[in-house]
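Proteins get letters first, then strands, A, B, ... in listed order; numbering begins at 1 in each. On a predicted model such as this, the values are computed, not experimentally measured, just so you know.
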There are 2 protein chains.
Amino acid sequence: MAPRKQEILEATIAYLLKHGLADLSLRPLAAAAGTSARLLIYHFGSREQLLAEVLDALHSRLRESFAEVSAREEHEPPLRTFWNWATSRRNFRSLRLLYELQILAAQNPDTYGRYLTRNSRDWVELVRAALPPAERTDAMATLFVAVFDGLFLELMSTGDRKRTTAALDEFIRVVRRARSSGTRAKRGDRDVS
Amino acid sequence: MAPRKQEILEATIAYLLKHGLADLSLRPLAAAAGTSARLLIYHFGSREQLLAEVLDALHSRLRESFAEVSAREEHEPPLRTFWNWATSRRNFRSLRLLYELQILAAQNPDTYGRYLTRNSRDWVELVRAALPPAERTDAMATLFVAVFDGLFLELMSTGDRKRTTAALDEFIRVVRRARSSGTRAKRGDRDVS
DNA sequence: CGTTACATGTAACGTTTGTTACATGGCACC
DNA sequence: GGTGCCATGTAACAAACGTTACATGTAACG
């Protein structure tokens, strides 16, 4: 990719992370990026394609970043690791943007549906596979994903990291206690809580 | 309120429930409502005020509807009652619209922040008060709200009511099991699970 | 030096945006 | 029957939208 185009893409990502994508328009974006609407179209072809490239770049960056973190961390429950990663200064705004995209796509799929590569069903499958066998159900996996989504939403709205993190820990604790009172999971099983 | 204005407001609500509010504009709305952009402004003063009145009406309707339902139902855990109510044919689209508003407001408060009467903190407080004393903590209340939000989000995205409802029931079950293995709550306590 | 390719600036295109000016309709009241 | 008031239609406004036409720059290559 041309270096100038790369710069513009970088600036666009920064702009979107700050302003969201609901009311994006070319001229203000261009001004913030130190260029002109003319050049945005020149380099990307259209506004649509610009959006597509930006969101693709975001996705692959997040995938990469998470793979790196999740391979390194071993001393925490994976759900907790994922939370730390998602709420870190580096990734929070990106995740927030993806949640906005998710909601807009749910409201009108015609406009935003095509950008949705983060398929909910895939996440649930991924989490399900990481659960201990006794809990490896759709319901349980869906619940885990929902807890994460809900807490992230709450964090977005209130900015209260302490309380939301405490709630996540509470969830992990509740699941552990339920485990010890119901069907026993084999000791040493890796699981996402 | 003038009856014509009432009709327009009704049609606007229907339109918003169908199309979302991210890309609302007067002329298409007016066409769908069988009137003209001219009259929207005439009756409501401005686009902003129209939106404000519509969202106010939505809020009070939902409050009313929920009060009615929650007073009637006694045989279920309140969280379950709330879920049934929120996902019913009658209320689902309204809730979805409010979630969209919530996210847009979190992304740019300058544009949408003023419409946010559904303060997250208030919900948490409400839920907290309904919890049995042993669990009456911020963390637990936040967790309950998050589970609901997350599951509703998942329902919005996938439409899979069966799976999300099963996940909610799973959550209720997990909390019960944790209760019976940890500090005992007094029998007969009303609580939101 | 001339040519060629890419990058950029200026200005405009046609649409759509929210909003307004102005005229006209119908209906009630004196 | 005239007089106002509320409702509505037509048309326009200025601004912003995504996009394009056209001209100009700059640098590399023969």
Side-chain angles (χ1 to χ4, degrees), chain A residues 1-16 18-57 97 100-101 104-105 107-115, chain B residues 1-16 18-57 97 100-101 104-105 107-115:
Chain A
M1 175 156 21
R4 192 71 190 99
K5 179 175 176 180
Q6 187 66 39
E7 285 179 36
I8 292 181
L9 188 137
E10 226 59 53
T12 302
I13 290 182
Y15 186 87
L16 275 184
K18 191 184 293 179
H19 297 93
L21 55 80
D23 55 355
L24 175 72
S25 84
L26 294 190
R27 271 171 262 249
L29 162 62
T35 175
S36 68
R38 168 72 182 77
L39 286 216
L40 294 181
I41 298 295
Y42 173 75
H43 283 292
F44 293 90
S46 73
R47 181 197 126 115
E48 286 248 6
Q49 206 169 326
L50 167 61
L51 260 182
E53 293 202 30
V54 162
L55 294 173
D56 269 7
L97 184 58
E100 184 188 6
L101 179 60
L104 289 180
Q107 278 278 26
N108 50 19
D110 303 343
T111 314
Y112 294 102
R114 78 193 71 177
Y115 302 125
Chain B
M1 176 156 23
R4 191 73 191 96
K5 180 174 176 182
Q6 187 67 39
E7 284 178 37
I8 292 181
L9 188 139
E10 225 60 53
T12 302
I13 290 182
Y15 185 88
L16 275 184
K18 191 183 292 179
H19 297 92
L21 55 79
D23 56 353
L24 175 72
S25 85
L26 293 191
R27 271 172 262 251
L29 163 62
T35 175
S36 69
R38 169 71 182 79
L39 285 218
L40 294 181
I41 298 296
Y42 174 74
H43 283 292
F44 294 90
S46 74
R47 182 197 127 113
E48 287 248 6
Q49 207 169 328
L50 167 61
L51 260 183
E53 294 202 30
V54 162
L55 294 172
D56 270 7
L97 184 58
E100 184 187 5
L101 179 60
L104 289 181
Q107 279 277 26
N108 45 20
D110 303 344
T111 313
Y112 293 102
R114 79 194 69 178
Y115 301 125

(request) Answer yes or no: is there an ion pair linking A:K5 with A:E53, defined by an N-O contact shorter than 4.0 Å? (result) yes

(request) Taking the side chain as every heavy atom from C-beta outward, state whether A:L50 and A:L9 have any pair of such atoms under 4.5 Å apart. (result) no

(message) With heavy-atom distances below 4.5 Å as the criterion, would you say the side chains of B:L29 and B:L40 are in contact?
(response) yes

(request) Only pairs at least two apart or in different chains count here, so list each side chain to side chain donor-acceptor pair (under 3.5 Å) that has a residue in residues 21-41 of chain A. (result) A:D23-B:N108

(request) Over all heavy atoms of both residues, which pair between B:Y15 and B:A32 is shortest? Give the atoms and the distance, please. (result) CD1-CB, 3.6 Å

(request) Can you tell me the distance, in whole Å, between the NZ atom of A:K5 and the P atom of C:dC6? (result) 13 Å

(message) Can you measure B:L26 atom CG to C:dG18 atom P for me and round it to whole angstrom units?
(response) 4 Å

(request) Using whole Å, report how far CZ of A:R47 lies from P of D:dT19. (result) 8 Å

(message) Could you tell me how far apart A:L40 (CG) and D:dC17 (P) are, to the nearest whole angstrom?
(response) 12 Å

(message) I want to check one thing: is the phosphate of D:dA16, taken as OP1 and OP2, less than 4.0 Å away from some side-chain N or O of A:S25?
(response) no

(request) May I have the distance from B:D23 (atom CG) to C:dG18 (atom P), rounded to whole angstrom? (result) 11 Å

(request) Estimate the overall bend of the helix from C:dC1-D:dG30 to C:dC30-D:dG1 from the end axes over five pairs each, rounded to 10 degrees. (result) 20°

(message) When you compare the side chain of B:Q107 with that of A:L97, does any pair of heavy atoms fall below 4.5 Å?
(response) yes

(request) Using whole Å, report how far CZ of A:F44 lies from C1' of D:dT20. (result) 18 Å

(request) Would you check if B:I41 and B:L26 make a side-chain contact, meaning some heavy-atom pair closer than 4.5 Å? (result) yes

(message) Counting only side-chain heavy atoms from C-beta out, which of D:dT19, D:dC17, C:dT20 sits nearest to A:A37?
(response) D:dT19

(message) Is the shortest side-chain heavy-atom distance between B:T111 and B:L104 below 4.5 Å?
(response) no

(message) Measure CD1/A:I41 against C1'/D:dC17 and give the value in whole Å, please.
(response) 11 Å

(request) Look at the side chain of B:E100 and the backbone N and O of B:L21, then say whether any donor-acceptor pair between them is shorter than 3.5 Å. (result) yes

Which pairs, protein N/O on one side and nucleotides 8-11 of chain D N/O on the other, fall under 3.5 Å?
{"unit_1": "D:dT8", "atom_1": "OP1", "unit_2": "B:R4", "atom_2": "NE", "d": "3.4"}
{"unit_1": "D:dT8", "atom_1": "OP2", "unit_2": "B:H43", "atom_2": "NE2", "d": "3.4"}
{"unit_1": "D:dT8", "atom_1": "O4", "unit_2": "B:R38", "atom_2": "NH2", "d": "3.0"}
{"unit_1": "D:dG9", "atom_1": "O6", "unit_2": "B:R38", "atom_2": "NE", "d": "3.1"}

